[in-house]
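Only one structure is covered here, and it is reproduced in the block below.
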Amino acid sequence: MELRKIQDAEVEGKTVLVRVDYNVPLRNGGVLDDRRIQASLPTIRWLIEHNAKLVLISHLGRPEGRVVEELRLDPVSEYLESLLERPVGKLEDCVGDAVSNAVSEAKNGDVLLLENVRFHREETTNEPAFTHELANLGDLFVNDAFATMHRAHASTVGIADHLPSYAGFLVQAEIEALSPLIRSPDRPYVAVVGGKKAQSKLGPLHDLARQVDEIMIGGAVAMTFLHAMGIDVGASVVDHKVLEDVGAVRRIAAQTETILHLPVDVVAAPELSAESETLICSVDEIPDGWHAFDIGPETIHLFRERIVQAKTIVWTGPMGAYEIEPFSNGTRMLAEAIAQSAAHGVIGGGETGEAMERFGGAEHAAYISTGGGACLALLRGKTMPALEALRT
Ligand code: 3PG
Ligand code: MG
């Protein structure tokens with residue numbers, strides 16, 4: 001099944017609702033990581049050139065149906081204006097009379113940005129009346145929010161039921177880059193999985209264990225695994241809610257002969273600070289009250305050896321607290337190894353992409369997806385409801 005593509009749509013003089021993912025990190029009113037905004041530009045510019053009226057829709061964070069001042073899209077709007085070098089009409093809501101009036105008054109080639117769509121609870125519940133109100137704002141729908149494609153929300157799935165719907169250029173590029181990993185990955189296929197939240201990685205690990213040949217686990221995810229295996233990891237973060245899932249992942253890996261690599265040593269410290277005293281020790285020798293904040297040199301060596309022989313690599317989640325110098329080595333060395341490898345490398349998740357850009361060098365050959373959860377959902381073989389809505 002093919003996707004309906006934006007380049008096949010008749011957009012001239014039409015009002016086009018464009019779902020983008022501007023769920024970007026903000027600090028002090030500024031955009032910290034602009035990659036998702038940059039990635040939306042080809043679609044926006046194409047629509048402007050083709051004389052459409054653009055109504056951009058995005059969420060930011062998880063405000064859970066309330067107006068949260070810090071989650072307004074104004075900083076994003078200003079940033080987009082500077083990239084496009086033209087005004088972006090930022091609206092104060094995403095539905096209501098003021099919004100529909102502003103859309104009617106806009107001219108072809110104008111760009112409007114609706115307020116954070118998750119200020120309304122009906123967005124995530126895909127409430128029919130709300131969906132209808134959103135859809136009524138436009139003639140066509142373009143979904144370019146790859147990072148939100150695993151969500152069946154009003155602005156991702158709902159609108160597509162009401163309007164002719166098309167995949168934007170970013171969505172097309174992501175699908176093209178990620179599809180080979182689903183259909184016929186070159187082997188050995190290895191996964192590198194880390195990050196702070198074990199819970200968000202257990203589901204993906206469960207499925208990846210059936211697909212890949214080897215998995216290297218780092219970050220806090222690894223501490224939860226080691227704890228589940230009976231190792232005392234000191235005061236390191238352990239997610240006790242997922243210990244059973246760890247057992248399930250290990251069983252699947254054993255059945256499918258997927259090798260799970262866990263850290264053998266770590267960089268431990270009493271607190272997460274650049275000035276903190278640190279110790280390199282084996283995983284079962286973390287002092288009482290100390291935390292593991294990075295994988296150790298022996299683990300880095302072991303993981304790098306596995307990366308070097310791989311033909312396909314997927315990486316999600318840093319190996320440690322890489323933003324703080326004494327704990328950056330694991331993430332830096334793996335980013336370098338993946339960047340230099342000739343394998344087809346795919347990086348999922350905002351933090352991991354940021355780490356790859358920081359440590360992997362500008363010329364790195366890896367594909368950095370704009371999606372975290374969405375990228376993993378696709379690679380795991382999950383159905384992506386918002387993508388299904390764009391199929392012919
Ligand atoms: C993301 O950052 O992963 C996407 O924007 C989706 O956000 P969500 O996990 O809050 O649905
Ligand atoms: Mg997420």
Side-chain angles (χ1 to χ4, degrees), residues 18-27 31-40 43 56-68 70-73 75-77 79-80 94 113-127 130-131 143-160 167-168 170-171 173-175 177-178 193-204 221 314-318 346-357 367-380 382-389:
V18 189
R19 180 55 157 102
V20 286
D21 187 317
Y22 290 161
N23 185 26
V24 295
L26 301 176
R27 191 183 295 157
V31 172
L32 271 188
D33 180 348
D34 70 349
R35 282 171 303 140
R36 285 181 175 176
I37 306 177
Q38 293 278 4
S40 73
T43 288
L56 307 179
I57 308 175
S58 180
H59 75 284
L60 175 61
R62 294 179 176 172
E64 297 182 343
R66 290 173 301 120
V67 175
V68 175
E70 302 78 59
L71 295 178
R72 287 195 181 275
L73 282 164
V76 170
S77 174
Y79 197 89
L80 179 62
C94 62
L113 172 62
L114 305 186
E115 185 56 279
N116 190 345
V117 77
R118 286 193 190 168
F119 285 176
H120 293 263
R121 190 169 301 279
E122 300 89 333
E123 158 66 1
T124 47
T125 53
N126 190 9
E127 182 72 31
F130 178 75
T131 302
N143 195 341
D144 214 19
F146 176 74
T148 323
M149 289 251 144
H150 57 321
R151 305 287 182 223
H153 294 170
S155 69
T156 63
V157 166
I159 297 180
L170 172 61
V171 165
E174 294 267 13
I175 300 301
L178 300 175
V193 178
K196 293 190 205 77
K197 279 186 275 166
Q199 194 171 19
S200 66
K201 296 291 163 49
L202 262 300
V221 186
V314 50
W315 179 26
T316 177
V346 165
I347 317 294
E351 265 203 316
T352 322
E354 203 268 323
M356 178 49 103
E357 287 190 344
Y367 177 78
I368 301 182
S369 174
T370 55
C375 173
L376 283 177
L378 193 71
L379 295 182
R380 291 164 68 183
K382 293 265 169 210
T383 331
M384 306 265 275
L387 193 64
E388 294 312 310

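Each ligand, and each atom within it, is numbered from 1 in the order the structure gives.
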### Query
Does some non-hydrogen atom of Gly372 fall short of 4.0 Å from ligand 1?
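Judged by the 4.0 Å heavy-atom criterion, Gly372 does not count as contacting ligand 1.
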### Task
Quick one: list whatever passes salt bridge (Lys or Arg N to Asp or Glu O under 4.0 Å) with Arg121, sequence neighbours left out.
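Partners of Arg121 under the salt bridge (Lys or Arg N to Asp or Glu O under 4.0 Å) test: none.
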Is there a donor-acceptor contact under 3.5 Å linking the side chains of [X] and [Y]?
X	Y	value
Thr148	Asp21	yes
Tyr22	Ser77	no
Thr131	Asn126	yes

### Candidates Glu351, Met356, Lys196 - the one meeting side chain to side chain contact (heavy atoms under 4.5 Å, CB included) with Pro318
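Testing Pro318 for a side chain to side chain contact (heavy atoms under 4.5 Å, CB included) against Glu351, Met356, Lys196 leaves exactly one candidate, Glu351.
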### Query
What part of Met149, side chain from CB on, backbone N/CA/C/O, both or neither, has a heavy atom under 4.0 Å from ligand 1?
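Contact part for Met149 vs ligand 1: neither.
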### Task
With heavy atoms only and a cut-off of under 4.0 Å, state how Arg118 meets ligand 1: side chain, backbone, both or neither.
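The answer is the side chain.
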Below 4.0 angstrom from a heavy atom of [X], which ligand 1 atoms are there? Numbered from 1 as shown, please.
X	value
Asp21	4 (C), 5 (O)
Asn23	1 (C), 2 (O), 4 (C), 5 (O), 7 (O)
Arg151	8 (P), 9 (O), 11 (O)
Ala147	4 (C), 6 (C)
Arg62	8 (P), 9 (O), 10 (O)

### Query
What about His153: any of its N or O atoms under 3.5 Å from an N or O on ligand 1?
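So ligand 1 has no N or O lying under 3.5 Å from an N or O of His153.
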### Message
Asn116: which residues meet the side-chain hydrogen bond (donor to acceptor under 3.5 Å, both in side chains) condition with it, sequence neighbours left out?
### Response
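Counting only residues at least two positions away or on another chain, Asn116 forms no side-chain hydrogen bond (donor to acceptor under 3.5 Å, both in side chains).
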### Query
Taking Thr370 as the fixed residue, which of Arg35, Gln38, Glu174 is the one that meets the side chain to side chain donor-acceptor pair (under 3.5 Å) rule?
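The option that passes is Glu174.
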